[in-house]
Amino acid sequence: MAATSRGTPPVPPDARPRLTVLSGPSGVGKSTVVAHLRKEHPEVWLSVSATTRRPRPGERDGVQYFFVTDDEFDKLVANGELLEWAEFAGHRYGTPRGAVLRRLEAGDPVLLEIDLQGARLVRESMPDARLVFLAPPSWDELVRRLTGRGTESAEVIERRLQAARVELAAESEFDVTLVNTSVEHVARELLALVDVV
Ligand SMILES: Nc1ncnc2c1ncn2[C@@H]1O[C@H](COP(=O)(O)OP(=O)(O)OP(=O)(O)O)[C@@H](O)[C@H]1O
Ligand SMILES: Nc1nc2c(ncn2[C@@H]2O[C@H](COP(=O)(O)O)[C@@H](O)[C@H]2O)c(=O)[nH]1
């Protein structure tokens, strides 16, 4: 089945912003879609966030995240090294400022995969950023995906689903919504928005 999109259509190429923020509820498929996109288009640069969460099996420091201690995260905040940061389901996550700004200055398309709070902060500090919301085909499918991933305890899944209700209610704040029915389709739609084609 094809992915569908809602919201503002892409603006003409010469007016496209080069910073794209992808948000959406936990388990909707953000990382899966971005990994698919970057497999075919490695030129799309994805910011690697810092987090105080522990790595999941298979996750490597500096690849999925920079895994840091609470003290290290405090220092990143105190030194102004984060473009934005937020607490999500009991852990802190933040976007390293320096790397993002260097990429943007170089004219490279930049993609952030962050939560709703982070998206709102980026909108305030960088109003030209394009905010993309990844929505699930249905609530039941979101629960299936988050549970089926098998990486979180029942308690953590419950916290993430509570956050998901808030995030889904904020869809209208985003410039574009992509519905993740098909990873391939939605990755193609995201690529068009990220402005590298
Ligand atoms: N279109 C899809 N159809 C079916 N399953 C999907 C689809 N997209 C992703 N999934 C599956 O859903 C699960 C959650 O995906 P993923 O980890 O990418 O979500 P996420 O939005 O990055 O979550 P989080 O915010 O918690 O990091 C994974 O098991 C993934 O394989
Ligand atoms: N505000 C920010 N949110 C971020 C950042 N990096 C990731 N995230 C979001 O956190 C949740 C949970 O991620 P998980 O890897 O523990 O499942 C998810 O919505 C991510 O998009 C960030 O730098 N800032």
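Note that this is a predicted model, so its numbers are computed, not measured. Note that ligands are numbered from 1 as they come in the structure, with each ligand's atoms numbered from 1 the same way.
- Close approach of ligand 1 to V183 (heavy-atom distance below 4.0 Å) involves ligand atoms 1 (N), 2 (C), 7 (C), 8 (N).
- Ranking protein heavy atoms by distance to atom 27 (O) of ligand 1, first place goes to R149 NH1, 3.6 Å.
- With respect to the salt-bridge test (charged N to carboxylate O, under 4.0 angstrom), the residues D175 and R123 qualify.
- When hydrogens are left out, the protein atom nearest atom 19 (O) of ligand 1 is G29 N, 3.1 Å; that is the closest non-hydrogen contact.
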Review point. Checking salt bridge (charged side-chain N to carboxylate O under 4.0 Å, His left out) for the pair D128/R18: CA distance, chi angles, key distance, verdict?
Key: CA-CA 8 Å; D128 288 344; R18 301 193 73 85; over 6 Å; no
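- Closest heavy-atom approach to atom 15 (O) of ligand 1 within the set L142, T32, V156: this belongs to T32.
- Using a 4.0 Å cut-off between charged nitrogen and carboxylate oxygen, K30 and D115 do not count as a salt-bridge pair.
- Side-chain atoms of T51 come within 3.5 Å of backbone atoms of R92 as a donor-acceptor pair (strictly under, hydrogens ignored).
- Ligand 2 is surrounded by K30, S49, R53, R56, Y65, E84, A86, F88, Y93, G94, T95, E113, I114, D115, G118, R160, each with at least one heavy atom closer than 4.0 Å.
- Here the straight-line distance linking atom CG of L134 with atom OG1 of T177 works out to 9.0 Å at 0.5 Å rounding.
- For ligand 1, the atoms lying closer than 4.0 Å to a non-hydrogen atom of K30 are 18 (O), 19 (O), 20 (P), 21 (O), 22 (O), 23 (O), 24 (P), 25 (O).
- Evaluated by nearest non-hydrogen atom to atom 2 (C) of ligand 1, the leading choice among E141, E113, R145 is R145.
- Geometric assessment of R102 against the ring of W45 yields a negative cation-pi assignment under the 6.0 Å and 45° thresholds.
- Within the 4.0 Å heavy-atom shell around ligand 1 one finds P25.
- Using a 4.0 angstrom heavy-atom cutoff, T181 counts as in contact with ligand 1.
- Distances between N or O atoms of L146 and those of ligand 1 include no value under 3.5 Å.
- No N or O atom of G148 sits closer than 3.5 Å to an N or O atom of ligand 1.
- Taking CG from L131 and CD from E173, the interatomic distance works out to 8.5 Å, rounded to the nearest 0.5 Å.
- At least one N or O atom of R160 sits closer than 3.5 Å to an N or O atom of ligand 1.
- Interatomic distance, R54 CZ to H91 NE2, rounded to the nearest 0.5 Å: 8.5 Å.
- Remark: minimum distance from atom 1 (N) of ligand 1 to any protein heavy atom is reached at N180 OD1, 2.9 Å.
- Remark: E141 engages R145 in a salt bridge, criterion side-chain N to carboxylate O under 4.0 Å.
- For the 3.5 Å distance criterion, the side chains of S31 and E113 qualify, holding a donor opposite an acceptor.
- The residues E152 and R56 are annotated as salt-bridged, a charged nitrogen and a carboxylate oxygen being separated by less than 4.0 angstrom.
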Review point. Run the side chain to side chain donor-acceptor pair (under 3.5 Å) check on T151 and R149 step by step: do they pass?
Key: CA-CA 6 Å; T151 49; R149 188 169 69 188; 2.9 Å; yes
